[in-house]
Amino acid sequence: ATRALLMFGKCFESVGIAAVIVLAPLILISLRCQPAFLRHIPGVGALLIAKNLTYFLKTLAALLQARVDLLPALAQAQTAVTYPYLVKNLAKVPTSIAAGATLSEALAVQPHFPPLAVRLIRLGESTGRLPDLVAQAASGYQQHYAQRVERLVRLLHPALVMTLGLLILWIVLATLLPLYDHLDGGLGS
């Protein structure tokens, strides 16, 4: 255990600075650009989509409540979405509406768009209360997003505690085992 710890330390010493210099910008770029492959990572993809759809719905609700026309409101709400996968999909919505589809019809064909939000938007279109029901959909989806984050944190917490415990155990064993070996060898003489 001691040799492994010392080897790890030397490896990190020689490669550590270079790894930090190379990996840190890559991590920052991937978080900023949010590439499409992230949606396939369990937990991460669903969180990114939920966060961005929450921003989209909240922005759209605020604009509709401010009596902004639907197409400009959609264009402005799309700027709140930072995930390129969703930006590409949501860019099709104004085109569908301009071709004669309703907002609920245009959103229903979008992958990952919550069915409950589509139903609320459809109800808002039929009752004339679209801004209020989009706001209600945004509020509901924000709660859904918060629950997903809480669930992910609850799942990661035990794994992180176990990892930290094993790391501390490894360091303690790497420190104490050579002492016991030395004491055992010294007493036997």
Gln78 side chain to Leu90 backbone, donor-acceptor under 3.5 Å: yes
Taking Asn52 for its side chain and Thr82 for its backbone only, find out whether a donor-acceptor pair lies under 3.5 Å. yes
For residues Val81 and Val68: do they belong to one hydrophobic cluster (side chain heavy atoms under 4.5 Å, members Ile, Leu, Val, Met, Phe, Trp, Tyr)? no
Arg67 atom CZ, over 12 foreign heavy atoms within 6.0 Å: no
Assigning hydrophobic clusters by single linkage (Ile, Leu, Val, Met, Phe, Trp, Tyr; side-chain heavy-atom cutoff under 4.5 Å), is Phe113 placed with Leu130? yes
Grab the two heavy atoms, one from Ala80 and one from Thr59, that are nearest each other, plus how far apart they are. CB-OG1, 3.4 Å
From Arg119 atom CZ to Arg122 atom CZ, the distance as rounded to the nearest 0.5 Å: 8.5 Å
Look up atom NE2 in His157 and atom CG in Leu152, then write down how far apart they are to the nearest 0.5 Å. 13.0 Å
Cut-off 3.5 Å, no hydrogens considered: what does the side-chain donor-acceptor table look like for residues 99-110, sequence neighbours left out?
residue: Thr102; atom: OG1; partner: Ser104; partner atom: OG; Å: 3.2
residue: Thr102; atom: OG1; partner: Glu105; partner atom: N; Å: 3.2
residue: Ser104; atom: OG; partner: Glu125; partner atom: OE1; Å: 2.8
residue: Glu105; atom: OE1; partner: Thr102; partner atom: N; Å: 3.0
residue: Gln110; atom: NE2; partner: Ala106; partner atom: O; Å: 3.4

Let me confirm one number: the NE2-CG distance from His112 to Leu48, rounded to the nearest 0.5 Å. 11.0 Å
Would you check if Thr163 and Leu167 make a side-chain contact, meaning some heavy-atom pair closer than 4.5 Å? no
Spacing of Leu169 atom CG and Met162 atom CE [to the nearest 0.5 Å]: 10.0 Å
Strictly distance-based, threshold 3.5 Å: is any side-chain N or O of Thr175 a donor or acceptor partner for the main-chain N or O of Ile171? yes
Rounded to the nearest 0.5 Å, how far apart are CZ of Arg129 and CG of Asp132? 5.5 Å
Hydrophobic clusters here meaning ILVMFWY residues chained together by side-chain heavy-atom distances under 4.5 Å, can you tell me if Leu71 and Phe56 are in one? yes
Same apolar cluster: Leu53 and Leu64, side chain cutoff 4.5 Å: yes
For residues Gln147 and Glu150, determine if any side-chain heavy atom of one lies less than 4.5 Å from a side-chain heavy atom of the other. no
hydrophobic_cluster_shared for Ile49 and Leu60, side chain cutoff 4.5 Å: yes
For Ser96, give me all partners under side-chain hydrogen bond (donor to acceptor under 3.5 Å, both in side chains), at least two apart in sequence or on another chain. none
What pairs meet the ring-ring contact (aromatic ring centres under 6.0 Å, His included) rule with one or both residues in residues 122-144, with sequence neighbours excluded? Tyr141-His144
Looking only at heavy atoms, what is the nearest atom pair of Thr54 and Tyr145, with distance? OG1-CB, 3.8 Å
Non-hydrogen atoms of Ser126 and Leu123 that approach each other most closely: OG-O, 3.0 Å
